[in-house]
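Counting starts at 1 for both ligands and their atoms, in listed order. Residue indices begin at 1 and follow the sequence shown. Quick caveat: nothing in here was measured; it's all calculated off a predicted structure.
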Amino acid sequence: MKLIFLALAVVVGAVAQPKTVFVITDAEGVAGVCRQDQTDPKDTEMRQLLTGEINSAVAGFFDGGATDVFVWDGHDGSQTLSALTIDSRAHLVMGELPVSMLMDRHFSAAAFVGQHARANTRGGVMAHSYSSLGIQNLLMNGEPVGEIETRTALAGWFGTPVIFLSGDSAAAEQLKKIDPDAETAVVKEGIDNYSCISLSAEAARRLIHERAAAAMARIGQIQPYRVAGPVTIQIEYTSRHALTPDDALKSGAEIVDARTIRFHGKDFLEAWQRARP
Ligand SMILES: [Zn+2]
């Protein structure tokens with residue numbers, strides 16, 4: 001009898017364990033989005049394409065056992081998604097996020113939907129690092145990085161693994177390089193910045209749903225990406241954003257040239273907080 005109770009407690013314990021997923025969304029890595037004009041947050045078709053992919057990922061995460069899914073509207077000022085059209089089981093996160101990106105809530109996993117590759121990626125559709133107009137190059141410990149590497153490192157600093165990415169083939173490759181066990185859904189192949197070979201919305205949604213569910217099944221096997229300290233974050237701005245004398249006074253800052261600044265930190269979070277690109 002005692003054994004049965006014990007077994008029951010173990011089963012109930014396993015079921016009760018929350019599995020929370022934080023989804024970072026963007027527009028440039030969505031199937032059928034390949035031109036700059038489509039990334040306007042008010043573009044009706046892009047909104048439908050993006051929302052469809054997000055809802056497929058949300059459905060996949062729930063099918064795979066997620067208990068809560070948080071979706072952050074991460075594209076261009078958080079004005080693309082709507083509570084009217086997001087999967088009713090998801091929580092919609094709107095607005096600018098703090099440096100922690102809420103990772104201090106220790107989600108079970110993080111994921112990317114609609115993700116693009118970093119700046120200067122050959123064959124990356126609209127590849128950029130945070131700001132296509134403002135940032136020429138972003139380096140972490142001397143290596144080129146973009147949103148994928150830095151946000152995966154941020155999640156990793158808080159002990160959260162990135163388990164899934166949907167986007168173009170270049171973006172998927174870049175996640176795999178630092179997070180080889182993550183599931184990816186490649187929805188288009190980039191030819192160059194504004195040319196691609198895309199899946200249909202329907203095919204992309206099917207693939208995302210399937211891979212997102214598969215990713216959930218692997219929580220626990222996928223390790224958080226931890227960057228050993230000390231860490232440098234170097235921002236090379238575009239020529240329209242030269243540095244000012246005040247930049248030299250920022251903590252941990254080293255001026256490299258007229259439009260390049262390097263921030264030093266004892267670990268990723270400290271360097272990242274100082275840089276805030
Ligand atoms: Zn982006």
Side-chain angles (χ1 to χ4, degrees), residues 22-43 46-47 49-51 53-54 57 70-81 92-103 110-140 143-155 162 164-179 182 184-188 190 192-194 196 198 204 208 225 233 235-238 241 272 275-277:
F22 187 83
V23 186
I24 297 162
T25 70
D26 213 342
E28 290 86 353
V30 171
V33 174
C34 205
R35 300 185 310 272
Q36 198 70 55
D37 66 277
Q38 290 179 288
T39 65
D40 180 338
K42 301 297 175 209
D43 186 276
M46 181 275 284
R47 288 175 147 207
L49 292 169
L50 172 59
T51 303
E53 291 196 2
I54 292 169
F70 298 82
V71 174
W72 177 50
D73 184 351
H75 176 63
D76 196 359
S78 210
Q79 41 185 337
T80 310
L81 303 182
L92 181 57
V93 182
M94 304 173 75
E96 283 296 311
L97 295 183
V99 177
S100 69
M101 288 190 81
L102 305 184
M103 292 299 160
F112 294 100
V113 171
Q115 187 58 49
H116 55 81
R118 63 174 172 259
N120 303 330
T121 300
R122 288 194 74 191
V125 178
M126 291 181 269
H128 64 279
S129 298
Y130 289 93
S131 166
S132 52
L133 292 176
I135 295 179
Q136 191 72 29
N137 258 314
L138 188 65
L139 304 181
M140 175 165 69
E143 294 290 324
V145 291
E147 284 132 77
I148 294 173
E149 294 85 357
T150 52
R151 288 175 168 164
T152 303
L154 181 70
V162 168
F164 173 83
L165 176 147
S166 71
D168 66 0
S169 41
E173 241 171 69
Q174 288 174 4
L175 180 68
K176 282 285 195 182
K177 202 145 207 194
I178 56 168
D179 189 6
T184 56
V186 174
V187 301
K188 62 189 173 189
D192 61 36
N193 217 24
Y194 302 115
C196 72
S198 177
I208 288 170
Y225 173 53
I233 299 288
I235 307 170
E236 179 193 343
Y237 291 101
T238 52
H241 295 274
W272 192 242
R276 285 203 88 159

Under the side-chain contact (heavy atoms from CB on, under 4.5 Å) test, residues paired with A31 that sit two or more places apart: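 side-chain contact (heavy atoms from CB on, under 4.5 Å) list for A31, sorted by chain: E53, V187, S198, A204.
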
For a quick test of reading the model, state the closest non-hydrogen atom pair linking G123 to A170 and the distance between them.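 Nearest heavy atoms, G123 then A170: O-CB, 4.1 Å.
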
Would you name the heavy atoms of D26 and L50 that are closest together and state the gap between them?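 Between these two residues, the closest heavy atoms are O-CD1, 3.3 Å.
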
Parallel, tilted or perpendicular: which one describes the rings of H116 and H128, with boundaries at 30° and 60°?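 H116 and H128: parallel rings.
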
Nearest 0.5 Å please: distance from the CG atom of L154 over to the CD atom of E147.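 With rounding to 0.5 Å, CG (L154) is 12.5 Å from CD (E147).
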
Using a distance threshold of 2.8 Å, what protein N/O/S atoms lie below it relative to the Zn ion (ligand 1)?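 Sorted hits: D26 OD2, H116 NE2, E147 OE1.
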
K177 NZ: over 12 foreign heavy atoms closer than 6.0 Å: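 Open.
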
